[in-house]
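For reference, the structure is listed below as structure tokens.
Worth saying up front: this structure is predicted, and the values here are computed from it rather than measured. Counting starts at 1 for both ligands and their atoms, in listed order.
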Amino acid sequence: MANSPVPVLTIDGPVASGKGTVARRVAEALGFHLLDSGAIYRAHAFACLRQNTNANDIKALEDTAKVLALEFLGDQVWIDGANATQEIRAEAVGLAASALSAIPDVRAALLQRQRDFAKAPGLVADGRDMGTVVFPDAALKIYLTTTAHERATRRALQVVASLGTTNSPKQLIEKGNSDTILGSLGLESPLRSADAVRAQVEAQIRQRDAQDKSRAIAPLRPAAGAIVIDNANHTPEQTVAGVLALWRLRR
Ligand code: DC
């Protein structure tokens, strides 16, 4: 790919590594555009699930990727003129996105859409292959990760929080017995303890890690020259400050 016409900072990493939050805050701090590439793969998977596309029909999967009417309005994701922000966050959609994104024709059909986000004054791109494939000439490449156990705890809290409930996410996870919560996590009912909930989320995360890392095309791995940050013991604020400091050094 030719050099990006604008400065690009990539943040790659596995599911629930905190890269979405960090990417958004870094983009805000720099006044840059933000690309949530996972949302694009999720939107594609959501559209395929909704129209019952045969998972073996590569042509149909590719066509759906090509015509996907996708719009980002602030934090919202709109598909075919309807707000699908919540729906695409379901664990089932994430798993489907992980499986469909292993298909080369689907990735190829979604590539230019992602590169089009690189506009002045600059871009923060969040995903799995931002530094390796989509923006190989990025000025700074970050790979954000931590253990599957830590990520499972975060992911469970994140999904519950997205339900917009008045109870605190922590309380709900501790109860671990609401059908709504379990449904949104894609978990089997009944699960009674917080540990059981976390364990099952962790199993899903390990499955998604395995899928994302082992695929033949654009597997999840740190890009050459990427700075790897294990954020197990960092608050999001500390990670953001670290990334911004690295950016200033690079620029
Ligand atoms: O970041 P996420 O969980 O929203 O991404 C959902 C899936 O989409 C992820 O498991 C793999 C795929 N994906 C990808 O293949 N390449 C990207 N750049 C981003 C996401």
Side-chain angles (χ1 to χ4, degrees), residues 1 8-24 27 34-49 55 61-62 64-65 68 70 72 75-77 79 84-118 123-136 138 141-146 148 151-152 154-159 162 184-186 201-223 226:
M1 177 194 135
V8 177
L9 190 167
T10 60
I11 304 184
D12 287 305
V15 61
S17 56
K19 62 193 164 54
T21 304
V22 171
R24 194 178 62 249
L34 175 68
L35 165 61
D36 174 2
S37 59
I40 296 182
Y41 284 97
R42 283 171 181 270
H44 171 256
F46 176 74
C48 293
L49 288 169
L61 296 170
E62 183 189 1
T64 303
L68 192 63
L70 178 61
F72 289 89
D75 285 349
Q76 296 181 353
V77 180
I79 303 170
T85 315
Q86 291 259 10
E87 286 91 335
I88 65 161
R89 293 291 148 205
E91 196 51 34
V93 176
L95 268 176
S98 177
L100 297 182
S101 63
I103 300 169
D105 292 342
V106 168
R107 299 198 76 81
L110 294 174
L111 183 60
Q112 192 55 45
R113 232 179 238 274
Q114 298 171 73
R115 289 186 174 156
D116 289 344
F117 277 75
L123 177 70
V124 177
D126 150 12
R128 302 290 191 288
D129 63 341
M130 298 297 97
T132 51
V133 175
V134 183
F135 299 107
K141 301 177 184 182
I142 303 287
Y143 188 86
L144 205 57
T145 189
T146 188
R151 287 184 282 129
R154 292 180 193 167
R155 177 73 185 137
L157 294 176
Q158 200 184 49
V159 173
S162 75
S184 81
L185 291 171
V201 175
E202 188 172 332
Q204 289 174 338
I205 281 180
R206 286 185 188 281
Q207 182 188 348
R208 195 113 80 82
D209 281 358
Q211 270 178 202
D212 293 349
K213 288 179 180 172
S214 67
R215 66 187 179 206
I217 181 165
L220 171 64
R221 60 175 170 76

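Among residues two or more places apart in sequence or in another chain, the salt bridge (Lys or Arg N to Asp or Glu O under 4.0 Å) test is passed with R24 by none. With sequence neighbours left out, the side chain to side chain donor-acceptor pair (under 3.5 Å) criterion links R208 to no other residue. In terms of the salt bridge (Lys or Arg N to Asp or Glu O under 4.0 Å) criterion, residue partners of K19 (sequence neighbours excluded) are, by chain and number, D126.
Environment of CG in D116: crowded, with over 12 heavy atoms of neighbouring residues, nucleotides or ligands closer than 6.0 Å.
Near ligand 1, heavy-atom contacts under 4.0 Å come from K19, S37, G38, Y41, R42, R89, A97, S98, S101, R107, G127, R128, D129, M130, R208, D212, R215.
A heavy-atom distance below 4.5 Å is not found between the side chains of V77 and F46.
Of the N and O atoms on the side chains of R221 and Y143, not one donor lies less than 3.5 Å from an acceptor on the other residue.
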